[in-house]
Amino acid sequence: MKILEHIGKIDLDRTESERLESMLNHLHDVSSIVHALDECFSLSITSKDGVILYVNDRFCELSKYDLEEIIGQKHSLFDSGLYPTDHFNSMWHLLKQGQVWQSELHNRAKDGTIYSINATVVPILDQNGCLVNFLSIDIDITDKHQTEKALKQAQKNEFQTTVKHLQNAVFKYRKNEAGHIILTMLEGKLAQKMGLSSNWPRESRLEDLVSKRTFSYAAGYLERGFAGEQVNFELTLLEFVLLVHLSPLFENGKVTEVIGTAIDITERKETERQVKKMAHYDDLTGLANRRQFQKKLTETLHHSAQSQESFAVMFLDLDRFKNINDTLGHNTGDLLLAKVALRLQKCIRRADIAARLGGDEYAILLPSITHEQAQLIAERIQKEISHFFLIENLDIFISTSIGISMYPQDGLEAETLIRNADAAMYFAKESGKNNYQFFTSDLHRDMSNKMMLEREMHRALEQGHFHLDYQPQIDIKTGQTIGVEALIRWNHPKIGPVSPADFIPLAEETGLIIPIGTWVLETACAQNKAWQESGLPPVCMSVNVSLRQFMQKHFAEQIEQILQRTGLSPKWLDVEITESMTADVAHAEQVLNRLRDIGVHVSIDDFGTGYSSLSYLSRFPITKLKIDQSFVQDLTEHHQAIVKTIIDLAQNLNLKVIAEGVETEEQARLLRALNCTEAQGYLYAEPLSSENIKKRLSGL
Ligand code: C2E
Ligand code: CA
Ligand code: CA
């Protein structure tokens, strides 16, 4: 794309240019606007500190500077001394609120000439809605100003010859005794272009010459001109949009005649309309964009605060859209997004506003609506979206998750309503997708609990609030401790103990499990080495690893490094994985083979609860199966059969087997009868502190 080529030339520091580039890549919105406007307008992109980052060829043409002379400069380069200062204050104010600013400016070109532009400045926001840069779209209106200047000149001399050659239309009118407006002159190339040739019937009453509607619209302004005012107004005549300027001519303090100029702004109006459209609408789907959505939401808030009506904010996110993009290509993805937009519009009321916020995220504003009505619309949308989409001869099925927040109960401010709708959407997704979910205060509590917990986990890791307990693993026949399983413990200074069953899944979700898991491995290995150093009989240390840890590219290498650092021999480490981690067979095979080469043991935890095929058991180099607690604690005949099968299977494959969660003598007896050799559970020992393990191992 052109703009990126330019950026390549610009000598920005790397981070700045990377940021700009990623911004342009991400903001489909902006890059496509720039692309679409490049041919017709003078464009510039300015950083929020006022530094010019990009200008296009037309900008250079107008300002008569070279690209290199402009980039890195500020807009004061073009200061003609004609800038109205307060204009700029209002500009910054509006832009910082994310709004669009428009004004006429007179700039000084490199050669000293003045050129006039109509500038539309649009703030560019990043995905989080933060202001990054400004895009300025300038329309050259020098022509208009030259006409006005020429007219002033013409009033002094050579009136007729000058006006005949003007690009625009010039006319004069006065009033007759009866008070009718009489047109006395009409000249200029625009008049000809409009088909109003010079054989315009002179001295005729205006009301006889134009339509009633035009006359009644224009008459008020013309009267004001005749009353001595300078008047500007826009007028649509035939298919032209005109900007009319009236200046009265005085004689002895009385207006005798009024001179008018009209310039053709048809094209400018059209482009202004387009610019406006692009600034407020998403060009892929034609829906409102984030900026427009926010504006409408603010308006609705004001309105509802007065009328006391409730309204709804809906957030929608397509489920598994990334899949479609990845497998069928972005083109298909874009077509789908546009079709989804059409269907959304079918489901909502006329006054509702549907917007695309970016990616596959949509939002809908539903003014004056009740909870029940909003629910009906959510159901309608889900039904509508669930019908297949036909795109390039493919039937595509997709679903959407919807979150809804209601004014006033879920928030009194735009930001809160949006955040809560987003949170509700997130929950809808979590609870199985293709769902809608209203925001509730429970959900809020859940969310903030989760967020609090995440913050606290970070802190616990930094401040060393985690520790490990170790649960003995027993040889059933001899009663000897042959190993221990490291189990993480978190004693929060205020909340008290937090169960790993509560925080491990969250750590997994947020990725914090990676540093936590590394800490566990390192601590467990160091502890085992320390026991051995102090002369205790060596035992195997079992460490739980999570999916994310296991999926790391260099997981096996990491283990190897930890063993080296702590000095523990690999044969005293046992890594507990679950069946689900072997779903990616190629990766699992690679990691497990590497671990076997290193000499580390691998157990399958919670065995029997997964649904994966058993064929992998012979394929992967595994050492041990851990029979899940659920079978052990409820040893019905059916469960006994399962346990028996697992034990036979293990024996056939030459694997060890351990029963978890053994709590009673009866369970131990049954397991022995089934030929189980190892066990772990409260019957033998609870998870113990390292001190207590030490005592136990030394036989105290
Ligand atoms: P798990 O790996 O299945 O660990 C066994 C769980 O059963 C432990 O719970 C243990 O305290 C408990 N347990 C042991 N004996 C008995 C018994 O006789 N009866 C009953 N009812 N329970 C028994 P804990 O410590 O609460 O850990 C829960 C889960 O959290 C673990 O299940 C494991 O999946 C995860 N976890 C614990 N520590 C770590 C860790 O360091 N890393 C990772 N990734 N996960 C961990
Ligand atoms: Ca375990
Ligand atoms: Ca287990």
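For ligands, and for the atoms within them, numbers begin at 1 and follow the listed sequence.
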Looking at Ile516, Thr664, Leu487, the heavy atom closest to atom 8 (C) of ligand 1 belongs to Leu487

among protein heavy atoms, the one nearest atom 11 (O) of ligand 1 is Pro687 CG, 3.5 Å

Note to self: Pairing donors with acceptors under 3.5 angstrom, does anything connect the side chains of Glu686 and Gln471?
What the structure shows: no

Task: Pair Thr609-Asp628, side-chain donor/acceptor within less than 3.5 Å - done: no

What I'd like to find out is whether the side chain of Ile482 reaches to under 4.5 Å of the side chain of Val539, using heavy atoms alone.
no

If you scan protein heavy atoms around atom 15 (N) of ligand 1, the nearest is Gln471 NE2, 2.9 Å

Contact with ligand 1 for Glu660, non-hydrogen, under 4.0 angstrom = yes

* Asked: For atom 29 (C) of ligand 1, is the nearest protein heavy atom under 4.0 Å away?
  -> no

Atom 26 (O) of ligand 1: closest protein heavy atom, distance to 0.1 Å, is Pro500 CG, 3.5 Å

With heavy atoms and a 4.0 Å threshold, my read on which part of Glu686 contacts ligand 1 is neither

Compute whether any side-chain donor of one residue and acceptor of the other, for Gln633 and Glu663, lie under 3.5 angstrom apart. yes

Contacts of Lys624 meeting salt bridge (charged side-chain N to carboxylate O under 4.0 Å, His left out) (sequence neighbours excluded), chain-then-number -> Glu678

Open item on the list: With a cutoff of 4.0 Å, is Glu508 in contact with ligand 1, counting heavy atoms of the residue only?
Closed with: no

Within 4.0 Å of some non-hydrogen atom of Glu485, the atoms of ligand 1 are 2 (O), 4 (O)

- May I ask you to check if ligand 1 and Gln549 share an N or O to N or O distance below 3.5 Å? no

Note to self: Determine whether Asp606 and Lys626 satisfy the following criterion, salt bridge (charged side-chain N to carboxylate O under 4.0 Å, His left out), listing intermediate values before the conclusion.
What the structure shows: CA-CA 6 Å; Asp606 306 338; Lys626 296 192 80 175; over 6 Å; no

re atom 19 (N) of ligand 1, the protein heavy-atom contact at minimum distance is Glu663 OE2, 2.5 Å

protein heavy-atom neighbour closest to atom 22 (N) of ligand 1 works out as Tyr682 OH, 3.3 Å

### Query
Between Phe466 and Phe503, does the ring centroid distance fall short of 6.0 Å?
yes

Item to complete: Decide if atom CG of Asp634 counts as having more than 12 heavy atoms of other residues, nucleotides or ligands within a radius under 6.0 Å.
Response: yes

Taking only non-hydrogen atoms of Gly681 and a 4.0 Å limit, the atoms of ligand 1 in range are 15 (N), 18 (O)

Contact region, Gln629 to ligand 1, non-hydrogen atoms below 4.0 Å, reads side chain

With heavy atoms and a 4.0 Å threshold, my read on which part of Leu683 contacts ligand 1 is neither

Judged by heavy atoms only, the candidate from Val662, Asp606, Asn544, Thr578 nearest atom 44 (N) of ligand 1 is Asn544

Please confirm whether Gln680 approaches ligand 1 to less than 4.0 Å, judged on its heavy atoms.
no

Hits for salt bridge (charged side-chain N to carboxylate O under 4.0 Å, His left out) against Glu508, two or more places apart or cross-chain, chain-then-number order -> none

Note: Asp605, heavy atoms under 4.0 Å from ligand 1, region reported as side chain

Modelled atom types, side-chain donor and acceptor of Gln382 and Thr400, under 3.5 Å: no

| message | Any nitrogen or oxygen of Glu576, side chain or backbone, less than 3.5 Å from one on ligand 1? | response | no

Test side-chain contact (heavy atoms from CB on, under 4.5 Å) on Ile404 and Val313 and set out the steps. CA-CA 6 Å; Ile404 310 160; Val313 173; over 6 Å; no

Discussion item. Any atom of ligand 1 sitting under 4.0 Å from a heavy atom of Lys626?
Written reply: no

_Looking at atom 34 (O) of ligand 1, tell me if a protein heavy atom falls under 4.0 Å from it._
no

Checking heavy atoms under 4.0 Å, the part of Ile488 that sits near ligand 1 is both

For Lys529, the salt bridge (charged side-chain N to carboxylate O under 4.0 Å, His left out) test, sequence neighbours excluded, returns Glu533

Within a distance under 3.0 Å of the Ca ion (ligand 2), the protein atoms of type N, O or S are Glu485 OE2, Asn544 OD1, Glu576 OE1, Asp605 OD2

May I ask you to decide if the ring planes of Phe388 and Phe397 are parallel, tilted or perpendicular, using 30° and 60° as cut-offs? tilted

Any side-chain heavy atom of Val543 within less than 4.5 Å of one from Met541?
yes

In ligand 1, the atoms that come under 4.0 Å of a heavy atom of Arg489 are 11 (O), 25 (O)

Original post:
If you measure every N/O of Ser499 against every N/O of ligand 1, is any gap under 3.5 Å?
Top reply: no

Near Gln633 (heavy-atom distance under 4.0 Å), the atoms of ligand 1 are 19 (N), 20 (C), 21 (N)

- Query: Ion pair present between Arg459 and Glu456, side-chain N to carboxylate O less than 4.0 angstrom?
  - Reply: yes

- Message: I'd like to check Leu573 versus Cys525 (side-chain heavy atoms, cut-off strictly below 4.5 Å). Are they in contact?
- Response: yes

Rounded to the nearest 0.5 angstrom, the CG-CD distance for Asp605 and Glu576 is 4.5 Å

TODO: Look at the rings of Trp531 and Tyr470 and say which category their plane angle falls in: under 30° parallel, 30 to 60° tilted, over 60° perpendicular.
DONE: perpendicular

